[in-house]
Number of protein chains: 2
Amino acid sequence: MRVLKFAILGLLYRQEYSGYDITSQFKKEIGQFWSAKHSQIYPELRKLVDEGLLHFRTQIQGEKLEKKMYTITEAGRKELLAWAISPEPLPETEKDAFMLKMYFIHTLSKEEAKTLFQDQLQQRQDKLVYLQQQYDDLIPVFGTENTADAMYFDHPHLGHYLVLTKAIAREQSYVVWLEQQMKLFL
Amino acid sequence: MRVLKFAILGLLYRQEYSGYDITSQFKKEIGQFWSAKHSQIYPELRKLVDEGLLHFRTQIQGEKLEKKMYTITEAGRKELLAWAISPEPLPETEKDAFMLKMYFIHTLSKEEAKTLFQDQLQQRQDKLVYLQQQYDDLIPVFGTENTADAMYFDHPHLGHYLVLTKAIAREQSYVVWLEQQMKLFL
DNA sequence: GGGTCCATGTAACTGGTTACATGATTCT
DNA sequence: AGAATCATGTAACCAGTTACATGGACCC
């Protein structure tokens, strides 16, 4: 399906980035829903240039460090748009190794299961705190909340906002489910 | 990490299965959180036999159709247990191509985004109905609900119950988030 | 001078999907 | 007789991770 291809095209839709920059982006908000290592990104960039979807110029950083700044071409934009409007089918499976362990809960003692469970709850709660902090940092620049609407479709940070609120919803749902099932260990 | 290895060991913990049976299991409840195609399962079964974690006997079905029924060995149980009790770290990224598209929502017109959004909402709602039906089918045999407790840690279908309730929570959270963000298109 | 980050690449391997290939059983 | 399902396997390919490899820039 070559999702990485479209992730890169999407990132380059609004600005020029180096391979390193793209790697960094995947460590930020969008990393909650897609990411790749630099070892996958650099070959993909090359492929996209070969396919005529990107081009690059070499820029000198400091004295002699060369970096390649990539830009999306018209052909690239066209492919990106075609992908972006295509309806996204649900995956049959959303892999979750913790839930696989839960399916096999009968292999564990009550104490062992409780420990595993509480560890997962703690991790999810910590992540939730982290995401909520990110949300609090975004809201001043975004300006929604309390004013009921003031939600602009054309706001430049809307994607950022959607990704963050979705990640928070996901973690909250996980935490609530874990807390509810804790009754098993009373 | 060889999660498939442990998924197979876990399935064989309580009963004997053929490769075909394991493939079928991944199309049932646990398929919400882990699955594999037969083309991955058959080589893995062979590998697990080579490693001494499984053994099998050949059984004749009907006139001459041979099937291999796999059983977990003591070594297999030991490895399964070690995996099952080990704390499960959160994945940094939970890949979701729809959310990647949402991150790039600025590439779309309001109408295009709305169509994409509504399609995803419909799919998630349909899936929720399907999962709730499965839940309704399970509850008579499981016997929780309304009686406040009656939730046995040792119930043979607890894993089944956990996986279903978690899948429902996941889809509900998705639907609620989509509905909330629909305000963008008013 | 040393540490962290910026910057780019390749090689080997692992995990997973799609396609190819075959044949028996069961139900209608 | 034909369709759906049971049953097992391999080959080719694609996606993704870990490890190897190198060097410059910036800050203290």
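Letters go in sequence order (proteins before strands), and every chain restarts at 1.
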Engineer: After noting the C-alpha distance and the side-chain angles of A:Lys47 and A:Arg2, does the key distance pass the side chain to side chain contact (heavy atoms under 4.5 Å, CB included) rule?
Structural biologist: CA-CA 12 Å; A:Lys47 209 172 168 187; A:Arg2 303 213 37 209; 4.0 Å; yes
Engineer: Does the plane of the ring in B:Tyr42 sit parallel, tilted or perpendicular to the ring in B:His38? Use 30° and 60° as the thresholds.
Structural biologist: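 Ring orientation, 0 to 90° scale: perpendicular.
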Engineer: Which whole-number value in Å describes the distance from A:Tyr42 OH to C:dC6 P?
Structural biologist: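 Rounding to the nearest Å, OH of A:Tyr42 and P of C:dC6 are 11 Å apart.
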Engineer: Please determine if A:Lys27 and B:Glu92 form a salt bridge, counting it only when a charged side-chain N lies under 4.0 Å from a carboxylate O.
Structural biologist: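 Salt bridge between A:Lys27 and B:Glu92, a charged N being under 4.0 Å from a carboxylate O: no.
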Engineer: Which letters describe nucleotides 22-28 of chain C, given B = protein heavy atom under 4.0 Å from base, S = only from sugar-phosphate, - = neither?
Structural biologist: -BSS---
Engineer: Which residues pass the salt bridge (Lys or Arg N to Asp or Glu O under 4.0 Å) test with A:Glu111, sequence neighbours left out?
Structural biologist: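 By the salt bridge (Lys or Arg N to Asp or Glu O under 4.0 Å) rule, A:Glu111 matches no residue at all.
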Engineer: Would you jot down, in residue-number order, the residues of residues 10-24 of chain B having a non-hydrogen atom under 4.0 Å from DNA chain D?
Structural biologist: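 Here the set is B:Ser18, B:Gly19, B:Tyr20, B:Asp21.
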Engineer: In residues 82-103 of chain B, what residues come within less than 4.0 Å of DNA chain C, judged by heavy atoms?
Structural biologist: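 Of all residues in residues 82-103 of chain B, none places a heavy atom under 4.0 Å from DNA chain C.
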Engineer: Between A:Glu94 and B:Lys95, is there a salt bridge with N-O shorter than 4.0 Å?
Structural biologist: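 Here B:Lys95 does not pair with A:Glu94 in a salt bridge, since their nearest N and O are not under 4.0 Å apart.
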Engineer: Who are the ring pair (Phe, Tyr, Trp, His ring centres under 6.0 Å) partners of A:His160, not counting sequence neighbours?
Structural biologist: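 For A:His160 there are no ring pair (Phe, Tyr, Trp, His ring centres under 6.0 Å) partners, ignoring immediate neighbours.
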Engineer: With sequence neighbours excluded, what pairs up with A:Tyr70 under the ring pair (Phe, Tyr, Trp, His ring centres under 6.0 Å) test?
Structural biologist: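 Residues passing ring pair (Phe, Tyr, Trp, His ring centres under 6.0 Å) with A:Tyr70: A:Phe56.
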Engineer: Honestly curious: do B:Val129 and B:Leu138 fall in one hydrophobic cluster under the side-chain, below-4.5 Å linking rule?
Structural biologist: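 As far as the 4.5 Å side-chain criterion goes, B:Leu138 and B:Val129 are not connected within one cluster.
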Engineer: What about A:Ile22 and A:Met69, same hydrophobic cluster or not, with Ile/Leu/Val/Met/Phe/Trp/Tyr joined at side-chain heavy-atom distances under 4.5 Å?
Structural biologist: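 No, no single cluster joins them.
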Engineer: How large an angle, rounded to 10°, do the end axes of the helix from C:dG1-D:dC28 to C:dT28-D:dA1 enclose when each is built from five base pairs?
Structural biologist: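 Here the helix ends are tilted 30° relative to one another.
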Engineer: Is there a donor-acceptor pair under 3.5 Å between the side chain of B:Thr93 and the backbone N or O of A:Gly31?
Structural biologist: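 Flag set: sc B:Thr93 to bb A:Gly31 pair under 3.5 Å.
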Engineer: Identify, with sequence neighbours excluded, every residue that meets salt bridge (Lys or Arg N to Asp or Glu O under 4.0 Å) alongside B:Glu112.
Structural biologist: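 In terms of salt bridge (Lys or Arg N to Asp or Glu O under 4.0 Å), with neighbours along the sequence ignored, B:Glu112 is linked to no residue.
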Engineer: For the residue pair A:Tyr161 and A:Phe142, does the interplanar ring angle fall in the parallel (under 30°), tilted (30 to 60°) or perpendicular (over 60°) class?
Structural biologist: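 Parallel, since the angle between the ring planes stays under 30°.
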Engineer: How would you list, by chain and number, every residue that makes a salt bridge (Lys or Arg N to Asp or Glu O under 4.0 Å) with A:Lys101, sequence neighbours excluded?
Structural biologist: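 For A:Lys101 the salt bridge (Lys or Arg N to Asp or Glu O under 4.0 Å) partners, ignoring immediate neighbours, are B:Glu88.
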Engineer: Determine yes or no for a side-chain-to-main-chain donor-acceptor pair under 3.5 angstrom, with B:Arg124 supplying the side chain and B:Asp119 the backbone.
Structural biologist: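 Such a contact is absent between B:Arg124 side chain and B:Asp119 backbone.
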Engineer: In residues 30-40 of chain A, what residues come within less than 4.0 Å of DNA chain D, judged by heavy atoms?
Structural biologist: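 Residues of residues 30-40 of chain A that come under 4.0 Å of DNA chain D are, in numerical order, A:Trp34, A:Lys37, A:Ser39, A:Gln40.
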Engineer: If the condition is salt bridge (Lys or Arg N to Asp or Glu O under 4.0 Å), which residues does A:Lys68 pass it with, not counting sequence neighbours?
Structural biologist: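 Partners of A:Lys68 under the salt bridge (Lys or Arg N to Asp or Glu O under 4.0 Å) test: none.
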Engineer: Evaluate the ring planes of A:Trp177 and A:Tyr174, with Trp represented by its six-membered ring, and classify them as parallel (under 30°), tilted (30 to 60°) or perpendicular (over 60°).
Structural biologist: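 Perpendicular, since the angle between the ring planes exceeds 60°.
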Engineer: Between A:Lys166 and A:Leu162, is there a side-chain heavy-atom distance shorter than 4.5 Å?
Structural biologist: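 A:Leu162 vs A:Lys166: side chains apart.
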Engineer: Nearest nucleotide by nearest heavy atom, which residue falls closer to the 5' end of DNA chain C, A:Met1 or A:Arg46?
Structural biologist: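 Counting from the 5' end, the first nearest nucleotide belongs to A:Arg46.
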Engineer: Any base atoms under 4.0 Å from A:Arg2, or only sugar-phosphate, or nothing? Heavy atoms, all strands.
Structural biologist: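 Sugar-phosphate contact only.
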Engineer: Within the 4.5 Å heavy-atom criterion, are A:Tyr13 and B:Phe104 side-chain neighbours or not?
Structural biologist: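 When only atoms from C-beta onward are counted, B:Phe104 and A:Tyr13 do not touch, as no gap falls below 4.5 Å.
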Engineer: Hey, where on DNA chain D does chain B first and last touch, going 5' to 3'? Cut-off is any atom under 4.0 Å from a heavy atom.
Structural biologist: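 Going 5' to 3' along DNA chain D, contacts run D:dT5 to D:dG16.
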